[in-house]
There are 2 protein chains.
Amino acid sequence: MPAKSSKTPRRATHSLEQILSTAIEILDREGSKGLTLRRLAGELGGGLGSIYWYVDGKDEMLSLACDALVGRALVAAETHTSDGPALETDDPVIVEAIGDLRRTAMALFDQTQIHPWLAPQLHAQGAATPNSLRYWERLGRPLARIGLTPTQQFNGSTALSGYVTGVAAEMSAQDLHADPHRPKAERLDEIVSQWLASDPDEFSWLHSMADEFRRHDDDEQFAAGLDLLLGGLVRQALARSTDRD
Amino acid sequence: MPAKSSKTPRRATHSLEQILSTAIEILDREGSKGLTLRRLAGELGGGLGSIYWYVDGKDEMLSLACDALVGRALVAAETHTSDGPALETDDPVIVEAIGDLRRTAMALFDQTQIHPWLAPQLHAQGAATPNSLRYWERLGRPLARIGLTPTQQFNGSTALSGYVTGVAAEMSAQDLHADPHRPKAERLDEIVSQWLASDPDEFSWLHSMADEFRRHDDDEQFAAGLDLLLGGLVRQALARSTDRD
DNA sequence: ACCTGAACACCGTTCAAGT
DNA sequence: ACCTGAACACCGTTCAAGT
């Protein structure tokens with residue numbers, strides 16, 4: 001413990017975890033455009049350049065932040081439980097595998113709801129980070145277990161991960177540019193009233209969805225589409241197993 | 001025709017369409033980060049500030065560019081044909097509706113393949129542009145025609161549009177940071193060899209997908225997942241119609 | 001080994017001035 | 001009505017200098 005007090009200003013001390021967690025805090029609070037290296041340095045109480053000792057640049061920092069959150073999703077996927085949809089089968093292998101997929105997908109979706117910048121950011125950066133690969137692996141294994149062909153496994157896994165981040169990004173986008181202090185119901189109302197101002201002939205279907213949109217719950221909406229995909233995968237599995245019989 | 005020649009430099013003349021189309025050209029050529037207002041002004045042969053007479057800023061310009069491409073997808077969706085998957089029914093209403101959805105989804109996917117920056121950009125900007133609303137309307141109407149409940153229509157339409165842009169963004173991301181001059185097969189090989197360097201126990205499934213990944217075709221992969229969703233929607237429709245019988 | 005902050009080469013946006 | 005480009009307030013990144 002150096003107890004030597006002096007007039008020279010204290011030098012700040014950082015760590016990669018500390019940098020990433022306050023970066024995530026800023027992103028959650030101010031959005032993607034609100035994260036600035038200067039602001040981050042200020043919040044860390046240090047100098048601008050020191051960040052570059054831990055990280056190669058802003059892009060790598062964002063990539064690491066995403067990877068950390070995908071990591072949290074992986075942890076949550078192992079602990080969470082979920083009641084899945086009614087399946088066409090009670091084959092325990094299939095029921096367990098589909099439940100696993102559902103938990104995995106839901107866990108990442110949850111993270112994108114907590115961190116609205118996450119889904120678009122995951123798409124903006126293509127690099128396959130370690131936890132993204134683990135996530136993909138976690139989507140693939142159950143598909144192999146239920147007996148799909150390699151092509152079906154491959155297509156199914158990318159369909160699932162594309163669906164998760166796609167719908168998540170779609171939902172985040174509505175919150176992204178909105179004032180976070182206004183209650184959610186008010187924001188939905190405002191969006192709906194914009195629809196209703198559009199041509200009721202050209203947008204007749206959209207108009208018919210106004211109530212639906214006001215009532216909707218993001219989690220249920222996400223789960224509903226997910227179950228369409230999972231149901232399709234179950235059918236592929238069942239078609240295969242009757243082939244073999 | 002003013003034939004008066006003079007020593008004073010010619011003033012450039014712009015139009016919104018011209019600005020958007022050269023902006024799209026630059027985006028296609030150089031990617032999202034390559035588009036700069038200064039570069040755009042240079043390529044237009046004019047001054048930097050004049051762009052602001054036509055457009056409120058860079059964000060609006062990107063939004064308009066996206067909207068234009070969604071517009072092209074809408075046009076293509078009406079002219080293209082596609083052979084859909086084998087359905088569980090030959091109800092002409094359902095067959096026609098599913099074919100319509102398939103064409104619409106494919107048409108936007110095609111645009112995202114031509115313009116790799118499009119899918120991530122669509123997600124980054126939440127604002128519902130005119131053609132995005134038309135696109136959504138085009139996804140919703142067929143779902144109403146086949147007799148789904150309003151909630152099913154709503155969830156189904158957002159699942160479809162989330163899937164389309166999600167998978168599209170996923171695929172674009174692989175090309176985004178890659179050297180576009182190298183042949184596609186080489187790039188795939190390089191990605192696969194990175195996988196194979198990972199732990200074969202932790203990533204056993206991923207390793208088993210190496211060949212699949214090398215062989216895969218983005219269009220087929222996209223269509224396969226799309227058909228999972230469409231198949232699920234057909235089943236919902238059939239379940240409803242037997243309820244009524 | 002780790003931190004600092006001035007300096008550099010960029011951005012998007014604004015605006016007084018032009019035609 | 002439309003265009004221009006200097007000026008402004010930012011960025012991310014680099015690096016010589018510090019501890």
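To find a chain, count down the sequence lines: A is the first, B the second, and so on, and within it residues start at 1.
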Could you say whether A/Asp56 or A/Arg39 is positioned toward the 5' end of DNA chain D, judged by the nucleotide with the nearest heavy atom to each? A/Arg39
Side chain to side chain, B/Asp218 and B/Lys184, heavy atoms closer than 4.5 Å: yes
Distance check: side-chain N/O of B/Thr36 vs OP1/OP2 of C/dC11, anything under 4.0 Å? yes
Out of C/dT13, D/dC11, D/dC3, whichever nucleotide has its closest atom nearest the side chain of B/Trp53: D/dC3
Taking atom types as modelled, is there a side-chain donor on A/Ser157 or A/Trp136 under 3.5 Å from an acceptor on the other? yes
I'd like to know whether the aromatic ring centres of B/Tyr163 and A/Tyr163 sit less than 6.0 Å apart in this structure. no
What's A/Gly46 touching, base or sugar-phosphate or nothing? Going by heavy atoms closer than 4.0 Å. sugar-phosphate
Whole angstroms only, please: what is the CG-P distance between A/Leu48 and D/dG12? 8 Å
Rounded off to whole Å, could you give me the CG-to-P distance for the A/Leu37 and D/dT14 pair? 11 Å
Any non-hydrogen side-chain atom of A/Cys66 less than 4.5 Å from a side-chain atom of A/Thr129? no
A/Tyr52 has a side chain; which of C/dT13, C/dC3, D/dT13 sits nearest to it? D/dT13
Within the structure shown, what part of the strands sits under 4.0 Å from B/Leu44 by heavy-atom distance: base, sugar-phosphate, or nothing? nothing
Between C/dC3, D/dT13, C/dT13, which nucleotide gets closest to the side-chain atoms of A/Ser50? C/dC3
Does A/Gly47 or A/Arg38 map to a spot on DNA chain C nearer the 5' end, using the closest nucleotide for each? A/Gly47
Nucleotide nearest B/Lys58 when distance is taken to its side chain, options D/dC3, C/dG12, D/dC11: C/dG12
Paired nucleotide for D/dT14 [Watson-Crick or G-U wobble; both distances under 3.5 Å]: C/dA6
If pairing means Watson-Crick or G-U wobble with both distances under 3.5 Å, then the partner of D/dA1 is C/dT19
Ring-ring centroid check B/Trp195 B/Phe213, cutoff 6.0 Å: yes
Does B/Tyr54 make a side-chain N or O approach to OP1 or OP2 of D/dC3 shorter than 4.0 Å? yes
